[in-house]
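Here the structure is laid out as structure tokens; the discussion comes afterwards.
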Amino acid sequence: MKENLTNIIDEIIKGMLKDAGVNEEVTFSLVIPEKEEHGDFACNAAMQLVKHLKKNPKIIAEDIINKLNEKLKLDCTIAGPGFINIKIDVSWYAETVMNIINNEKYFHNNIGGGKKAMVEFVSANPTGPLHIGHGRGAAYGDSVARLLEMSGYDVLREYYVNDAGNQMNNLALSVYARAAEILGKGSEVPFPEAGYHGDYIIDIAKELLTTHANILEIDRKEALEICLGKAVQTIQADIDNDLKEFRVTFHNYFSEKSLYKNKLVESTLKELEKSGKVFEQDGALWLKTTDMGDDKDRVLRKSTGEYTYFTPDIAYHQNKYDRGFEYLIDILGADHHGYIKRMQCALECLNHKTESFKATLIQMVNLIQNGEKISMSTRSGEFIPLSWLINEVGVDAARFFYNMRSHDAQFDFDIDLAKSKSNDNPVYYIQYAHARVNSLIENANEKGIDYKQGQGLEKAIGSEEIKLIKNMVKLKYVIELSAQYLEPHKVSYHLQELAASFHSYYYNNKILNNEDVDTTCGRLTICEAVAVTIKQGLDILGVSAPKRM
RNA sequence: GCCUCUGUAGCUCAGUUGGAUAGAGCGACGGAUUCCUAAUCCGCAGGUCACAGGUUCAAUUCCUGUCAGGGGCACCA
């Protein structure tokens, strides 16, 4: 319906511009207004035309309405500075309700047009368990992927495993040193300065000693290799476990090592050189990113001959393009801030369109308990693990809370609120609305009401029902916007609104009524549509929709 | 110093990417349960949209500057 109207108005406008001899594109919006008295749809086209037609917007609006009425019988009024408010017939609402229930893809859209998109997220180094910062990235990334899937993108979720480089040496050394400590020879093997201090390293060392008690006696290089293997295997398994519990899945894990194995770093470097932006200075190899707006040039290969982390990362992104992806999304921690610009520069050098690469920064998470911040720091080993949070508040609350706020704002996660099983907690508020519908239907059966879906629907639709249905329809557009701007928190906000209007409707209207089966069926059908809508929305957020609470 | 995010009700935050009288939750205050789940609902109070300019039919939204807070800055990853 909205698409239909948009197209028709678009044609009318084009005609008007043509008549006036103006050769320009004019965009306008057609929205479902917040306020009931503003009609079912509102259009700002008249105001957009003011500049080009040089007429009073109200006169233009009248003109548009006349032309609109030639094609469709609609109830249009002019309001405010020149808005056109349009009222729709009840039958459209009835159709919509049935559509929501029966058409699984009602809330889908096709802004992706089948494009191959990759969402790369979490990508935590296998040097320690996931912490609450990763949790936010995981919840966000997973929901973004789901949004894109609903929006006609062909989505692949990928986890980039940094299993090469210096941090791996540190990890191996950390385990080695802890093993030595356990064996009482800690003084012979000092703990590395940049080592990992968390207790999990000690656990890994203990576990290692059960199979390799002689670790200190074998060749050091070989021993470190064993330590590393054990550590990565254990930690990655832990990470996978946490993610699984958090309902986050990946299609692919991409190993940094494989880049070297397949000589992708070298070949990418060669490609980069073709751009003419690569130069040598002080024995190191640089990329002239300042030519493209970066504030300093970046090193590709250190004077020691080693690559910086930057170069394999470029190769990795090149590889994404090579695999046929047309839309790359990186979800990164806020500390990667400087990284985005230089990656954009590098990809520009490789002749990729800037709009094909989007990097989103996830801002920090503070945990609040008893009104106070719990601090976290990876370096000191005092981070708060994601698994702890999940245990504490549950997956539903954790995932919902993470996506309750915009990703680019720092977020205070109130543990007490997330845990509370009360009306303060927005997760339960929404889930409760879903459960209520289910109990209504069960009660109808018990009361012996012969519920036929769709029966009496038009009869049941009054102004309160219309408000509810509008809120359902709106989710479709919220999803489209959320996908476009990668902002799943819009969905969580809208679900709260929808739940609120349902609770209010429920309280103010007796839905089950043996005396009037028609209206009862109609209302139940609408309620069912509400449940479907809420479930679709919760799915995006990775939150369950219980039938009973 | 440079980059970046943020500044909206007492608190935590939305605000459909420039639209109509700026919204919600919590908190405060006052109400609703012989009736489908009170994990609910209804009412009321609460605002210089940090500040100053600019762009235009229209600015909380875009631009410039100022102030305040968070995060970042490497031949680290």
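Just so we're clear, the structure is a prediction, and the values are computed from it rather than from any experiment. Each chain gets a letter, A, B and so on, in the order the sequences are listed, and its residues count up from 1.
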Using the [atom1] atom as the reference point in each nucleotide, state the distance between [N] and [M] in Å, no decimals.
N: C42(B); M: G25(B); atom1: P; value: 9 Å
N: C3(B); M: G19(B); atom1: P; value: 29 Å
N: A50(B); M: C41(B); atom1: P; value: 31 Å
N: C49(B); M: A20(B); atom1: P; value: 15 Å
N: U21(B); M: C29(B); atom1: C1'; value: 25 Å
N: U60(B); M: U48(B); atom1: P; value: 14 Å

Residue-phosphate contact under 4.0 Å: [X] side-chain N/O, [N] OP1/OP2:
X: Arg342(A); N: C3(B); answer: no
X: Tyr429(A); N: C41(B); answer: yes
X: Lys302(A); N: A77(B); answer: yes
X: Lys296(A); N: C75(B); answer: no
X: Arg298(A); N: A74(B); answer: yes

When you check the gap from the basic side-chain N to the acidic O, do [X] and [Y] get nearer than 4.0 Å?
X: Asp516(A); Y: Lys459(A); result: yes
X: Glu392(A); Y: Lys419(A); result: yes
X: Lys447(A); Y: Asp450(A); result: no
X: Lys490(A); Y: Glu487(A); result: yes

Would you classify [X] as touching base, sugar-phosphate or nothing, given that sugar-phosphate means primed atoms plus P, OP1 and OP2, and contacts are heavy atoms under 4.0 Å?
X: Ala435(A); answer: base
X: Gln281(A); answer: base
X: Asn514(A); answer: nothing
X: Asp416(A); answer: nothing
X: Glu442(A); answer: nothing
X: Arg301(A); answer: nothing
X: His503(A); answer: sugar-phosphate
X: Ser504(A); answer: sugar-phosphate

Residue that, paired with Phe41(A), satisfies side chain to side chain contact (heavy atoms under 4.5 Å, CB included) out of Leu30(A), Ile9(A), Thr6(A): Leu30(A)
Sole candidate of Leu498(A), Thr96(A), Asp40(A) that passes side chain to side chain contact (heavy atoms under 4.5 Å, CB included) when paired with Lys470(A): Asp40(A)
Audit row: Asp330(A), Lys320(A), salt bridge (Lys or Arg N to Asp or Glu O under 4.0 Å) steps and yes/no: CA-CA 11 Å; Asp330(A) 285 12; Lys320(A) 292 183 185 179; 3.2 Å; yes
Chi-based syn or anti call at U21(B), which uses purine or pyrimidine torsion atoms and a 90° bound: anti
Value in whole Å for how far the C1' atom of C35(B) lies from NZ of Lys510(A):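 Result: 5 Å.
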Whole-Å gap separating P (A24(B)) and CZ (Phe502(A)): 20 Å
Taking pairing as Watson-Crick or G-U wobble with both contacts under 3.5 Å, can you name the mate of [N], or confirm there isn't one?
N: G43(B); result: C29(B)
N: G7(B); result: C67(B)
N: A20(B); result: none
N: C2(B); result: G72(B)

Residue [X], side-chain heavy atoms: nucleotide from [options] that is nearest:
X: Met47(A); options: C57(B), C75(B), A77(B); value: C57(B)
X: Leu440(A); options: C36(B), C41(B), A20(B); value: C36(B)
X: Met364(A); options: C75(B), G71(B), C36(B); value: G71(B)
X: Asn125(A); options: C36(B), A74(B), A77(B); value: A77(B)
X: Ser303(A); options: A39(B), C5(B), C75(B); value: C75(B)

Sort me out a list of protein N/O and nucleotides 11-17 of chain B N/O pairs below 3.5 Å, or just none if empty.
from	atom 1	to	atom 2	distance (Å)
U12(B)	O2'	Arg405(A)	NH2	3.2
C13(B)	O2'	Arg405(A)	NH1	3.0
C13(B)	O2'	Tyr493(A)	OH	2.3
A14(B)	OP1	Ser406(A)	N	3.2
A14(B)	O4'	Tyr493(A)	OH	3.4
G15(B)	OP1	His489(A)	NE2	3.3
G15(B)	OP1	Lys490(A)	NZ	3.3
U16(B)	O4	Glu34(A)	OE2	3.1
U17(B)	O2	Tyr485(A)	OH	3.3
U17(B)	O4	Glu487(A)	OE1	3.2

Exam field: side chain Thr289(A) to backbone Asp294(A), donor-acceptor pair closer than 3.5 Å: no
N/O donor-acceptor pair under 3.5 Å between Thr533(A) side chain and Ala529(A) backbone: yes
Ring center gap for His38(A) and Phe83(A) short of 6.0 angstrom: no
Proximity of Phe413(A) and Phe411(A) rings by center, below 6.0 Å: yes
RNA chain B contacts made by residues 329-340 of chain A, counting heavy atoms under 4.0 Å: His336(A), His337(A)
The single option from Tyr159(A), Tyr160(A), Tyr309(A) passing ring pair (Phe, Tyr, Trp, His ring centres under 6.0 Å) against Tyr316(A): Tyr160(A)
